Amino acid sequence: MKSNLQLYYFILILGVLFLASCEKSATLTPVAPKTGKGVFIINQGNFQFSNSSLSYYDPISKELQNKVFKRANEVPLGDVAQSMIIKDSLGFVVLNNSGKVYVFSTNTFMYKGRIKGLVSPRYIHILSEQKGYITDLYAQAISIFNPTTLEVTGSIHVNNNSAQYNQHATEQMVQVNNLIYTNCWSFDDKILIIDTDIDKVVDSIQVGIQPVAIKLDKNNKLWVLTDGGYAGNPFGHEKPTLICINLNTKEVETKFEFALNDRPTDLQMNGSKDTLYFVNNHIWKLGINQKTLPELPFIQQDSKLFYALGVDPISSEVYVSDAIDYLQAGLVYRYTPQGFPVDTVKVGIVPGAFSFKN
Amino acid sequence: MRFIYIYTLLFLAMIMESSAQYSLWDTIPIMEILVQDTKLAGGKVENIDPLILNSQANATLATVLSENTNIYIHSAAKGSIATASMRGAGASHTKVLWQDMPINSPMTGQVDFSLLPVYFTDEVVLHYGSASLVNTGGALGGSISLANTPQWQNGWHGKVIQGAGSFGTYSGYGQMGWSNSKITFTTRIFYEQSENNFTYTNDTDPEDRNKREAQDGAQFVRYGVLQEFVYRVSENALVDLNYWFQNSDRSIPRLMTNEAPEHEEKQQDINHRVQSSYKHYGSALNWELSTGFIASTLNYHLKNSLNGTSNLITNLNSGSQTYSSITQFKTSKSWDSHWKVDFNLSAAFHFAEFNDEKYLLEYDNRQTEDALFVGVHRTLGERFKISALFRQLLIDGNLIKPIPSLGVEWGVIEDKALDVKANVSRNYHNPTLNALYFMPGGNPNLKPEEGTTGELALNSIVGGSSYKFQNEVAVYYSVIKDWILWKPSQFGYWTPENTQQVHSRGFEYTGKITRNVAGVKSEITVKYAYTPTTNESLNLPEGDVSKGEQLIYLPKNTGSLMETASYKGYDFIWVSYYTGIRNAATASPLSGYWIANLSLGKEFDLNTTKFSIRFTVDNVFNTDYQSIEYRGMPGRNYFLMAKFEF
């Protein structure tokens, strides 16, 4: 009968529908522990996609493992992994848009604990077994935590009561004796000085517009890279700079200016703290006693889009990331201390930082 | 498990008088709506069954389109922003018209479907691909037309609907109107609120991978008014006036991976839309003059708790305002029942402004958009139709490339037993005001996006009064060039570029059996779409491997099965729909899922009044799924509605 034929026809159609629903998802393979020397690549991922990840590179065997945290723990890392430090054999990775820091073993990648309840954490610094600081983009405060218990124990207020710009956003930290220096990069132009004995801001240094990175050299001079803002930025737009500050006098001893439309993005130092490396389209190298910027880059950009930089503190090998289109897996290029290419590996989305395990 | 319930449903012999007034392929030219009952010959047009709209008065178009069509709705749980992708195209390539007036935001080019209440809509018509060119240019994926149907019963009429359901959801709808043979006016109002605190599984915590959590910070409140007025000037002319006001306040929840302390993130959307027209109907010439105005406001803020305290500080506070005014003149003339020519002129003005209180970012800009449309339709004999359409846009006084379309329709076997349809078109979508002028990041050098589409479809309707078997198979191929994509730049802000070339191909099937035996009617509808849509951009940067890959969040396979039936005032609706695997930005694809919904209704006729109740169960099988990664979705939930009509 016609209506039966139609019914069977529908069964056939549904069969097709059902077959289509038999699509298989990919599964992740576990990751073996990696002891010994290694490089962690912290892939930021895309904001609100919770697709950040950690990659691990073995410079001896040149083996790369991606998504090591997820593969070891079967849970995602979080949203926007901003930075990471290693203390003993523990990694502390700051998850900017997940309000927490994950602590994990740098050998097995297994989760060990977390510091949570943070607003928009950026960087972490451990002062002692009992105290550490975590900077923040929105909280207008730096969180104080206990690295042993992983509890948040207090905060340092850095609110300057300005109606605009959420000042101060705090970013990287360097320590000289009992003082911490932190750069305020977001629509800002200050370096804040914090006394770690009393956990308070005691002073500040005015620098150029938007100090994005700071590094301390072997003479305890502070190097600051400013990106100068951008055309139309209500806080201002000026030439980006690289300056050297004498922390005793708080005076600027050296100042290099870049072109107005340059956009330097990262500043790193070698292990002996006598050479700076920074990204400004190409990769540049500068000795701390040089008086002029180099004429030729250390590594040419060619058709790549360099984003972040890491320098192995022991070997002085240089690692550079390329975010490609910021939406797909990026690349990391490895160079010798003289700038010759050694290896290229495919990592996660927006590789934004490096952390070296020795 | 899936086998069992799918095949069981197939054997449910439902036989009832359907309350649908017309079926999928009939077009009733409702005088008050259509001056130009114009379709592109060979174009794909689909009507949403009014039975669905009636049974989901408490829903938004996001839900209705998601469950009943092959349009892909990108959205998290109810209440969140929902955008539509038709045939693999982008959110701004889906144009929405209300009373023939485009309502897409001039800033983003998009429409938030969670702000389109079903209750304010009596008719939803989808025009896929080239078919949209009768309504508007720039709808590279297609267009969705919403219209209100005036009520002409004499005297006072009205209805009240009250509903309550899971997760602290409450909604109320009311309608009151009066008509005689010359005038009708109706006022509709609605109010909805929900705590939206459904429970879901959070599998992202390394200390507890099966944590059950209640969704926090997803509450919403919405309310609105729709005022309609129609005056029949004479037998051949009428004037209508419509005003739609709506306010929506919603909280935006965090991802399930977030463990920050208490926060408040809210968005308020306020929309005023006014539209008025004068329509004249002649024996051979129809014309219409209409004008409309839209004012939209969007306010957003983010507050976080100051470390160590419960004080909330405002981190972000921004607002945007858009104004659009549109005037259209349309005319349609027929000759000796074989020729028809449509001619339209329209002029629109858009203004947009944005400001961010914390970071002092702001921009404002304006744009004029004028258009000329000519459509020529010819019928040869009884069964062959051909249409040629031409649309020309002028943006800020600059001509953009012309938009042509050609379509043919051939009745191979008489009485619609087999129709063949084909069409081709070239369409252009102009960059939005945000893409051109946003501060920071706007790119005034953007070119329009270009879409070239070809489509071939076979339709068949066989049967008579006791049964009908309808089938439609369509294949299409679309190339979209210069697709505008926002990407992060070295300056830390995002900026759009004409970077992408996308090839969207597809196969769509719709099948429907309608049975009408001894005065009772049942329907089973099956839909399936295979939509491989890939990035085929040229000149990709070194190391880019996205070429040939399916676009993110777009499923290749979607389908649905719907069964409806009614008996002595009882009715039954079952919908199961499938969303296939999607590439996510994590490169671990999101799993596909089936969701099933059940709706039971009973109507009581009480002389001059009607009372009905409806009970709905959504996600009947309590499926755990994610539409957007790391955003929870509700399990099984319930809703009860009571309606009183007079």
Side-chain angles (χ1 to χ4, degrees), chain A residues 2-3 6-7 10-11 13-14 16-18 20-21 23 25-26 28 45-46 48-51 73-76 78-79 97-100 111 116-120 136 138-141 143 154-155 164-166 187 230 232-234 263 265 303-305 322 324-329 331 346 349, chain B residues 2-3 6-7 10 203-207 209 255 257-261 304-308 313 315 357-361 439-440 467 469 487-488 490-491 493 509 511 513 515 524 526 528 530 541-546 552 557 559 561 578 580-581 584-589 591-592 594 629-630:
Chain A
K2 253 186 187 141
S3 50
Q6 282 144 30
L7 219 46
F10 265 89
I11 293 170
I13 297 299
L14 277 173
V16 171
L17 251 180
F18 180 72
S21 75
E23 299 163 300
S25 300
L28 284 174
N46 304 116
Q48 298 278 35
F49 281 80
S50 220
N51 58 358
N73 299 287
E74 297 179 340
V75 295
D79 200 26
N97 200 39
S98 291
K100 59 192 172 191
Y111 167 86
K116 60 181 183 182
L118 307 167
V119 174
S120 183
D136 201 292
Y138 282 150
Q140 293 168 18
S143 300
S155 54
Q164 272 83 43
Y165 306 129
N166 290 313
F187 295 85
Y230 54 81
N233 182 336
R263 187 71 175 188
T265 55
S303 57
K304 304 180 179 69
L305 291 165
D322 180 344
I324 306 186
D325 66 356
Y326 296 92
L327 297 172
Q328 61 179 282
L331 293 171
K346 195 164 197 51
I349 300 171
Chain B
R2 278 179 293 188
F3 287 100
I6 292 169
Y7 293 131
L10 259 187
D203 58 356
T204 67
D205 186 339
E207 289 176 16
R209 298 216 314 270
L255 295 171
T257 50
N258 194 301
E259 295 190 70
N304 281 296
S305 64
L306 205 50
N307 258 16
I313 50 167
N315 287 130
E357 202 184 81
K358 287 308 254 187
Y359 291 100
L360 301 181
L361 301 165
M439 178 53 70
Y467 83 91
F469 185 34
K487 291 186 191 178
Q490 79 228 64
F491 298 98
Y493 55 72
Y509 171 76
I513 293 181
R515 274 188 292 171
I524 301 177
V526 174
Y528 171 67
Y530 177 61
E542 197 179 308
D544 190 318
V545 295
S546 57
I552 286 177
N557 290 288
L561 165 70
Y578 176 72
I581 287 180
T586 53
S588 293
S591 305
W594 277 98
E629 215 166 9
Y630 306 120

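By convention in this document, chain letters (A, B, ...) are assigned in the order of the sequence lines, proteins followed by strands, and residues within each chain are numbered from 1. Only a predicted model underlies this, so the values are computations on that prediction, with no experimental measurement involved.
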### Task
Kindly determine whether B:Tyr528 and B:Asn557 satisfy side chain to side chain contact (heavy atoms under 4.5 Å, CB included), including the steps that lead there.
CA-CA 7 Å; B:Tyr528 171 67; B:Asn557 290 288; 2.5 Å; yes
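- Contact count versus chain B (heavy atoms, under 4.5 Å) is highest, among A:Gly99, A:Gly232, A:Ser120, for A:Gly99.
- Both the backbone and the side chain of B:Glu207 come within contact range of chain A, each with at least one heavy atom under 4.5 Å from a heavy atom of that chain.
- Both the backbone and the side chain of B:Leu360 come within contact range of chain A, with heavy atoms under 4.5 Å apart.
- One N or O on the side chain of A:Asn73 and one on the backbone of A:Tyr111 form a donor-acceptor pair closer than 3.5 Å.
- Contacts of A:Lys116 with chain B are made by both backbone and side-chain atoms, with heavy-atom separations under 4.5 Å.
- Both the backbone and the side chain of B:Asn315 come within less than 4.5 Å of a heavy atom in chain A.
- For B:Tyr493, the part lying under 4.5 angstrom from a heavy atom of chain A is the side chain only.
- Put simply, the side chain of A:Asn46 reaches to within 4.5 Å of the side chain of A:Ile349, judged on heavy atoms.
- For the set B:Asn258, B:Leu361, B:Ile313, the entry with the most heavy-atom pairs within less than 4.5 Å of chain A is B:Asn258.
- In this structure, the side chain of A:Ser98 engages the main chain of A:Asp79 through a donor-acceptor pair within 3.5 Å.
- Ring orientation note: the planes of A:Phe187 and A:Tyr165 are close to parallel, at an angle under 30° on the 30°/60° scale.
- Interatomic distance, B:Ile524 CD1 to B:Leu561 CG, rounded to the nearest 0.5 Å: 7.0 Å.
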